[in-house]
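A quick write-up on the structure given underneath.
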Amino acid sequence: MNIPQQKPARHFNFANSRLLIVNKVGDLVVNQNIDIKMISQIYTLCYIFSGFALPSRQSKITVNDADAGIYSDLWPDDSKFKSLIEPFLSTAPLSQMPFEDYDVIVTHPALEESLIRSLTAHFEQLKGQRYHQPELFSMLDLSAAEVMPLHLPPVSVLTERIQQSFLADEFTRLKEFKKELFEAYKGYPLADQEKPFNNLLKTIRATNQEKIGQAFHRILLLDDQRRKFYIGDSCFWLQNININIRRAFPGSDITVICRDEKKVESFNKIFGPSLDKSFKVAYQQWEDLDFKHFDLVLYESDITCNFLGYVTRHHDAKFRSLPIFSYFNKSVHDIKDHSEWNFKTIFNTTQPVGNSIDNIRSARINREFEIKMLKEELAAGEEWMEVQNVKADEKVIALLLSTSSVHKTLPYPAQLALIEHLTSSIQKKVLLFDENGTDLRSRLNNDLPAHVSGKIIIAEKLGIRMDMSLLANPRITAVFGPCTGMMHLANGIYRFIRNKNPGSRISPFMLVYTGNFAEFDIAYHPKHWWFNSLVKCAVLIRSSVSREAAFVKLNQLKADQFETCSLPLQEATPELFIDFLEREFRQFVNC
């Protein structure tokens with residue numbers, strides 16, 4: 001992408017500088033709310049550039065929100081922050097902004113490319129004229145979405161430079177401002193997001209009531225995937241669609257449209273071959289969609305502001321008489337409170353009560369959790385094993401090492417000890433994955449005895465579908481790993497294998513180990529990820545009796561014990577996990 005030339009970094013008088021912030025309130029919503037860490041960046045910049053240190057000098061500030069986001073709704077009625085942004089707000093389209101009138105432009109990372117396109121077109125029109133070139137920065141998305149800058153330097157570069165000119169009392173004032181900001185913030189729950197669209201929602205509700213009870217054959221789900229895009233999360237997202245939509249409307253065609261092209265590519269790389277013809281996930285802009293082609297439109301709750309704003313502008317042309325329901329990224333069975341225009345309203349009208357025996361059978365099969373593998377993929381995995389000189393009757397343990405966070409896996413010494421134990425105490429080989437080509441083989445050759453490294457086979461940069469085909473290979477007798485996406489893929493793969501050929505093959509023994517992740521994910525609890533799966537779960541805890549660290553089975557912990565007893569995995573010694581395997585699962589590991 002052609003990025004306008006940046007001016008060299010300089011020390012400037014921020015109280016006299018002109019600031020443009022490009023943002024949309026709707027783009028800040030993740031998991032049905034807006035994180036204060038995102039809002040604080042906007043308000044802090046406005047506070048600094050309005051000359052808080054020298055109130056007599058006011059700089060020009062514009063907060064451009066083309067969707068006319070209502071920032072005042074984020075604060076209590078008696079808060080001084082309720083009206084802080086209002087004087088600076090502009091709803092002009094980016095294409096009409098006089099960019100040369102600003103010294104600094106800060107954008108939300110989701111709007112980087114739109115801003116750069118508008119800037120490039122704007123300055124192309126000014127070619128031959130003298131104009132001022134602003135500096136460009138991108139906000140740091142510190143919310144659960146983690147949308148990072150792709151093209152522009154982070155705003156922290158700007159704030160660090162500004163603070164070089166701060167005096168001690170100015171730092172104190174800024175710290176007090178941020179403290180008040182965090183204490184006053186009330187958030188932006190879904191009910192507040194919907195409030196500006198009350199009249200539209202009345203119209204939508206009336207249309208929906210006419211359509212409830214009808215069959216929907218062509219279903220559109222709009223989901224910009226504002227959440228973190230990890231493999232495990234995506235597995236659950238796909239399962240929820242199967243549970244919610246496919247169970248309600250079996251045989252229907254489902255199209256998922258996401259306006260994040262990179263996430264669509266990543267999702268289809270992992271799951272695309274597993275999807276049948278009646279289900280597709282695609283990248284497309286709403287302007288290019290023929291909404292009238294569909295019988296039912298669902299919009300994921302995180303895009304409520306953006307989508308309802310779009311419907312308001314195009315209702316008669318694109319949405320008249322079309323049923324529209326909001327959709328939560330969770331199983332409908334977990335939804336307690338919902339509006340009349342939430343998808344659960346439809347789901348409740350489509351589900352037969354069923355008898356208890358049928359319900360138990362369905363839960364055991366869990367077809368919604370399947371991840372289908374193609375015959376040619378399984379054949380490619382078999383061929384790879386043969387090339388690696390793994391005989392058909394040999395047994396292989398798959399050991400997963402990499403995760404999205406180093407804190408989620410065993411310390412390196414414990415990993416080495418586990419590899420050595422598995423290769424020395426039993427006549428099996430160990431399969432490791434080097435997805436990114438980090439030369440894992442050389443590292444292990446240096447750190448392990450030759451007789452151990454000789455029993456290791458490494459799948460290096462084969463691609464995720466090929467890695468999945470290796471996990472599905474009949475030689476695999478066990479899969480060990482941290483709480484990571486590949487373990488969820490293994491669970492889905494063996495759901496598919498078992499359901500397709502019941503009784504033809506016993507699933508490998510699968511065990512995930514985990515611990516306390518409060519340092520980077522305070523809401524984490526393994527029961528949310530591994531309940532009702534084929535995977536056993538081990539948790540590192542401090543024993544309330546001996547006060548020593550130990551791994552125990554998750555089902556041995558009472559409801560609240562995980563929060564009080566679990567330990568970070570960095571405290572795991574090389575012996576702890578091996579002792580646990582020998583104590584609890586020796587018959588599976590050594591078979």
Side-chain angles (χ1 to χ4, degrees), residues 17-50 59-75 81-99 101-119 122 134-159 162 178 181-182 185-188 192-193 196 224 226 259-260 302-310:
S17 296
R18 299 163 297 173
L19 169 70
L20 170 63
I21 298 176
V22 179
N23 182 62
K24 290 182 181 179
V25 165
D27 287 330
L28 301 180
V29 177
V30 180
N31 296 326
Q32 300 182 12
N33 214 321
I34 297 179
D35 194 299
I36 179 59
K37 293 189 290 291
M38 294 302 298
I39 287 297
S40 67
Q41 293 179 73
I42 299 171
Y43 277 69
T44 299
L45 284 171
C46 290
Y47 180 61
I48 291 174
F49 275 80
S50 64
S59 59
K60 178 179 179 178
I61 301 173
T62 302
V63 178
N64 177 260
D65 191 324
D67 286 349
I70 304 176
Y71 293 77
S72 59
D73 283 353
L74 308 176
W75 312 97
F81 300 108
K82 193 170 182 68
S83 59
L84 191 149
I85 294 290
E86 304 303 318
F88 310 134
L89 275 178
S90 165
T91 59
L94 270 180
S95 59
Q96 298 178 14
M97 293 300 296
F99 296 115
D101 289 352
Y102 296 94
D103 300 298
V104 177
I105 300 178
V106 177
T107 179
H108 185 282
L111 300 173
E112 270 188 343
E113 296 189 357
S114 298
L115 172 64
I116 292 170
R117 282 194 297 267
S118 296
L119 278 165
H122 182 79
E135 290 189 84
L136 310 179
F137 300 92
S138 185
M139 292 165 60
L140 287 168
D141 193 334
L142 305 172
S143 71
E146 289 187 345
V147 181
M148 292 293 106
L150 291 177
H151 307 291
L152 305 179
V155 71
S156 55
V157 174
L158 171 66
T159 54
I162 288 173
K178 289 183 177 180
L181 190 82
F182 275 68
Y185 185 66
K186 75 177 183 69
Y188 199 40
D192 286 351
Q193 297 170 42
D224 284 350
R226 285 281 303 147
R259 295 184 300 171
D260 189 321
D302 281 355
I303 62 171
T304 292
C305 297
N306 290 343
F307 181 65
L308 292 184
Y310 184 84

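Since we're looking at a predicted model, the values are computed, not measured.
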- request: Can you establish whether the number of heavy atoms outside Lys178 located under 6.0 Å from its atom NZ is more than 12?
  value: no
- prompt: So, do Leu158 and Leu45 sit near enough that their side-chain heavy atoms are less than 4.5 Å apart?
  reply: yes
field: Atom pair CE/CG of Met139 and Asp27 - distance to nearest 0.5 Å
entry: 10.0 Å
- prompt: With a 4.5 Å limit on heavy-atom distance, are the side chains of Val29 and Thr304 in contact?
  reply: no
Considering all heavy atoms, the nearest Ala66-Lys24 contact: CB-CE, 4.4 Å
- line: Taken in chain and number order and not counting sequence neighbours, the residues that satisfy ring pair (Phe, Tyr, Trp, His ring centres under 6.0 Å) with Phe88 are none
Glu112 (side chain) donor-acceptor with His151 (main chain) under 3.5 angstrom: yes
- request: Decide yes or no for Asp224 and Asp260: does some side-chain heavy atom of the first lie under 4.5 Å from some side-chain heavy atom of the second?
  value: no
field: Side chain to side chain, Leu19 and Ile48, heavy atoms closer than 4.5 Å
entry: no
statement: To the nearest 0.5 Å, atom CZ of Arg259 lies from atom CD1 of Ile303 at 6.5 Å
- prompt: Is Ile70 close to Val25 at the side-chain level, that is, under 4.5 Å between some pair of heavy atoms?
  reply: no
statement: Closest non-hydrogen contact found for Met38 with Leu140 is SD-O, 3.5 Å
query: Out of Ile105, Leu152, Val157, which residue meets the side-chain contact (heavy atoms from CB on, under 4.5 Å) rule with Phe137?
result: Val157
- line: Between the NZ atom in Lys82 and the CG atom in Leu74, the distance rounded to the nearest 0.5 Å is 8.5 Å
message: Under a 3.5 Å distance rule, please check whether Thr44 uses its side chain to pair with a backbone N or O of Gln41 as donor and acceptor.
response: no
- prompt: Short question: side chain of Asn33, backbone of Tyr188 - any donor-acceptor pair under 3.5 Å?
  reply: yes
- prompt: Which heavy atom of Leu94 sits nearest a heavy atom of Phe99, and at what distance?
  reply: O-CZ, 3.3 Å
- request: Give a yes or no on whether the backbone of Leu20 and the side-chain of Asn64 come within a donor-acceptor separation of less than 3.5 Å.
  value: no
- request: Evaluate the side-chain proximity of Thr62 to Asp101: yes if any heavy-atom separation is below 4.5 Å, no if none is.
  value: no
message: Do Tyr185 and Ile34 have side chains that approach each other closer than 4.5 Å (heavy atoms only, starting at C-beta)?
response: yes
- prompt: Parallel, tilted or perpendicular for Tyr71 and Tyr43, by the 30°/60° rule?
  reply: tilted
field: Shortest non-hydrogen contact from Cys305 toward Gly26
entry: CB-CA, 3.8 Å
- line: Closest heavy-atom pair, Trp75 versus Lys186, reported as atoms and distance to 0.1 Å, is O-CE, 3.4 Å
task: Give the minimum heavy-atom separation between Met97 and Ala92, together with the two atoms involved.
output: SD-CB, 4.0 Å
query: What's the spacing between Ile61 CD1 and Ser17 OG if we round to 0.5 Å?
result: 10.5 Å
- prompt: Are the side chain of Asp302 and the backbone N or O of Gln32 linked by a donor-acceptor pair below 3.5 Å?
  reply: yes
- prompt: OG of Ser40 to OH of Tyr47: how many Å apart, nearest 0.5 Å?
  reply: 14.0 Å
- request: Go through the steps for Asn23 and Leu28 under the test side-chain contact (heavy atoms from CB on, under 4.5 Å), then give the verdict.
  value: CA-CA 9 Å; Asn23 182 62; Leu28 301 180; 3.6 Å; yes
